[in-house]
Amino acid sequence: MNKILFKKTLRDMKISWAQSLALAVIIALGIAGLVSMAGAYRDLSSSYNYAYDTLHFADVDFSLQAAPSGIVEKIAHLDGVSAVTGRIIMDTGFDLPSGEPIRARCIGLPTQHQPAVDSLYIREGRYLQPGDKNAVLLESHFAQYYHLHPGDTITPIVNGKRTTMKVVGIASSPEYLVVSRSKQDVLPSPRTFVVLFVPLSQVQKTFSLADKVNDIIIIVKPGADRKAVIVSAQKLLEPYGVTATTRREHQPSNEALGLDLAGFKETAYLIPAFMFFVAAIAVYIMLSRTVHAQQPQIGLMKALGYSDSAVMLHYLTFALAIGVVGTVLGIAMGQPLASAITKVYAGTLGIPLVKTNLYVDLWAKGTLLMFVFLIGGGLGPARSSAKMPPATAMRFDPSAALVKGRTSIVEKLIPLPFWFRLPVRDVFRVRRRSLSTALGIIFSITLVLLGMAFLDSMNTLLHSEFTDIERWDMSALFSIPTNDAVLQQVRSWDGVKQAEPHMEIPSTLKANNKSQNVILYAMKPNTAMHPLHLVGKTNAQSVALSGRKIVLTNYMAQKIGVKEGDIVQVTTPFGVWNFQVGGLAKEYISAVAYISLDEAQKLAGAPIFNALYLKVDPNQQVMIKRKLYHLPGTANVQIKEGMQKDWDQFMGLYDAFVGIIFLFAVVLAFTLLFNTMTVSVLERQREYATMRAIGASGGRISWLMAMESVILWMLTLVPGLLLGWLVSYYAMSTFNSDLFVFYLTIKPMSYVLTSVGILVVMLLSALPAIRHVNRLNLAEAIKIIT
Amino acid sequence: MNEAVIRLEKVTKDYPMGEMIVHALRGIDLKIAAGEFIVLLGPSGSGKTTTLNLIGGLDNITSGQVIVQGEDIAQYKDKALTRYRREKVGFVFQFFNLIPTLTARENVAFALALLDGKTRDLEKRAQELLEMVGIGDRADHFPSQLSGGEQQRVAIARSLANRPPFMLCDEPTGNLDVETGRSVLQVMRDLNRKEGTTVILVTHNTAIAPMADRVVRLHSGTIKEIGINSEPAPVSALEW
Ligand SMILES: Nc1ncnc2c1ncn2[C@@H]1O[C@H](COP(=O)(O)OP(=O)(O)O)[C@@H](O)[C@H]1O
Ligand SMILES: [Mg+2]
């Protein structure tokens, strides 16, 4: 054999660069998905811990009625206490410039230096100084939301008086990484809650608490027994009325972050894992098909005197080259994406200190796994080809060799017009090719539908929560029990169309030795303010919410392992009772449960309530909110419109993920289809060239290929959509947390769009291959190697 | 001699191979009359296939003319070439090149269907062609179920679909044993004699040469010699 032929072989062996690139892109996407999402998850949790460490996040927080400042020193001397800070915390109000009243929390801090515990991260301006008069450090979320900066003035209501204060700085606090007022604050928002850090002496003066503190936070020495430290501190503080002892893990902001992170964890691993799996399978199939199709070249190499191992080494090198390009590309895309996700996520949450890392172990794991598939896909077929006698291999027609079996049943049942017979035959008789092509299409459908499912489900969630579930316009929560007189008063106000009392009680559900914290809503059984969407509907709402019956969310029922009819123990601040599960409600907020208001009042022994649902004239909302805050004991007033805004913003985070997932899915699907279609066409170069040689026009061949695509598409549509639904269902459930539950919704239009989109992409992605075939040098293509 | 139905004039064909240029044909002049049986003979690499492909409109010419029935097909664009191949030429390849997913009959029907677009009686006409080449009984088999000789005969039947005035065969016996090879050559000979089809047969096997009307010997891209057999040998007399 001469040198020219040898060169020709090498040239043939180089698969078209587009295909190799597509393979590399698939690998890159698989790796990038893993590195970016899992990396972002790790970045986030390390960022939280970094912020906690840097800012000396408290281990325990004791709320007191009031204690002399000297107590701080005593606590500091306790065994196992490494740092302690005494503060005054007062909840007050704040009127926004629009006139809308919101809640404020004043925290008095020492001015000489930053507190040793829960210190602040100054983002703008400066920390408090001795001698500061009416100076305030503003919590960063609020400042950001309302665009406030040092030098601006604010007028909170302090001890009943509007007090003008000058903003000297903007600060983040480890206690308010999520600006949660309390555990009851399901969806914390800087829109309606502000934290003000002011000089301790000033608060003491304003509230007539000279030389006193009402909140003590401590950090326990590493290795010390926290429980023992708490017990001894509580003993010291007992005379001063300990109203709450909050451990770090139950601190509202930390707990919210934890839940959020937990929700993200599964998503961050599972979805990339699925995409990685698809990529790996795709690489395996594509590579083995490509190598398989090169048997004649392999035969020639052997005829030229290459040994089996030399042939295999060649294909191994080829597979590894694609793998290296793909993984490097994947890491190069994934790592910055991880940092970007972390920064966006942390930025949206308002986390002050972000730490992004390189996760070499993730790179290594992804790369290693991918290479297993690469080597398998590249080496298996190369080995079997290398074993073949050169003469057989050279004459091997990859297309003919795949043909097995008899005429398909489809054909026997339906007599097909001649021009349809060939594409049908190609699909059904060349099973191996069809199966792997079909797998590519099914995965593509799955990926795209997954993206669609996310978008649809988010939209549905937002829409249903605020139109189907929460039907009130405003709600008010009181910190003390309220009665009918207040209700009558509210009803008499201008603009109030309806007012309905209910109760919101922090409670714990127990069953099967499992317990969950929820907010227990006691509502009128026939309430139209928050109708329950009962699953199965065995009981009407008025029945499910009557007597000793309780309605749980699906999620909670699952968590504590109960079903309709089972008994649940409900622990409230007022007593412990058993309730029977009267129904399960489909809700998006997980940690809630519902009982009848009548029953709650019976148990409380008085016709009291602590919350109101209102329907109001939208123009008078702000006015009504102000009036509500003037009622005795009003803790919080919500306007639904505002809440909706908060949700939209909160969902923006999920949207960012969904956007990334969708983009990944679509690009992956496109690349997958491109490769699948291309390989499928190129495998049959010789066949098509023969048809061209005997006079079939380019159009005829394009038509045949298109028909085959359509048939494959029709066959894969149902399994693809089915798998897509299943994967979406599973993926969606990974978003569920103790905070929120996501239900899978896929709109009919999304099925249609996915299906049609895939067909269009299939046809489009086959175009380059079709053009290639139609431009083939026929003389060369009809011979194999001669 | 009759008026030449195929005329090659100063035909050259170069293949660029990276830095080098392979001169596959270096100026071929050849006239072929209607109804002739031509054997193109020459060692491997001498340019036989290239010549055949240029006549069949499968490859682009570098310079010169290929005049078929008065028209220079070298000037044809893709569409005209496709039509030319469909209507005028019957190909038989060394590796048969049947469509693996179609049965023998359907392979023939495929070529028939290309012709007039009419799909009626396709199978019947295909069956007739298969019977003509003596494998009517194998019509329902797929190529993978047929022997080499049978496959080649299906290929011939397929090439006959358009009743082509020219049959171009590239090493049609190259992959067949002597016995089968002879039977395939017999089919060619019958076509040539009974139907008046012009046959151009490429081979490196000198033993086949005696059956031709004329033998064109190629060497390094040029015609070395054209021999005339005043009395072509019967196929049965060929031995290799
Ligand atoms: N596609 C091609 N690219 C490069 N060189 C080619 C190509 N096809 C044929 N050749 C070269 O052209 C010359 C003639 O080839 P060919 O016509 O196939 O010879 P034959 O059929 O007589 O064996 C040879 O040297 C061959 O290597
Ligand atoms: Mg040849």
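Owing to the predicted nature of the structure, the values given are computational and were not obtained by experimental measurement.
You'll find the side chain of Arg86(B) stays beyond 4.5 Å of the side chain of Ile694(A), heavy atoms only. Annotation: side chain of Glu687(A) is in contact with side chain of Thr101(B) (closest heavy-atom distance under 4.5 Å).
Contacts between Tyr84(B) and chain A at a heavy-atom distance below 4.5 Å are absent for every atom of the residue. Interface remark: Ala109(B) contributes backbone and side-chain atoms alike to the contact with chain A (heavy atom separation under 4.5 Å). Neither the backbone nor the side chain of Arg83(B) comes within contact range of chain A, judged by heavy atoms closer than 4.5 Å.
Taking Glu171(B), Arg158(B), Lys79(B) one by one and counting their heavy-atom pairs under 4.5 Å with chain A, the maximum is reached by Arg158(B). Here Thr82(B) is the residue among Asp78(B), Asp170(B), Thr82(B) with the most heavy-atom pairs under 4.5 Å with chain A.
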(request) Please test Arg425(A) against Leu102(B) for side chain to side chain contact (heavy atoms under 4.5 Å, CB included), starting from the C-alpha separation and ending with a verdict. (result) CA-CA 7 Å; Arg425(A) 214 51 88 60; Leu102(B) 295 179; 4.0 Å; yes
(request) Under the side chain to side chain contact (heavy atoms under 4.5 Å, CB included) rule, what do Thr690(A) and Phe93(B) come out as? Steps first, then yes or no, please. (result) CA-CA 9 Å; Thr690(A) 305; Phe93(B) 308 102; 4.2 Å; yes
(request) Would you check, one step at a time, whether the test side chain to side chain contact (heavy atoms under 4.5 Å, CB included) holds for Leu58(B) with Arg692(A)? (result) CA-CA 9 Å; Leu58(B) 289 179; Arg692(A) 296 274 285 134; over 6 Å; no
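Taken to the nearest 0.5 Å, the CG atom of Leu114(B) stands 4.0 Å off from the CH2 atom of Trp419(A). Here the CG-CG distance, from Asn107(B) to Leu422(A), works out to 9.0 Å after rounding to the nearest 0.5 Å. Expressed to the nearest 0.5 Å, how far OG1 of Thr103(B) lies from CZ of Arg421(A) amounts to 7.5 Å.
At most 12 heavy atoms of other shown residues, nucleotides or ligands fall within 6.0 angstrom of atom NE2 in His204(B).
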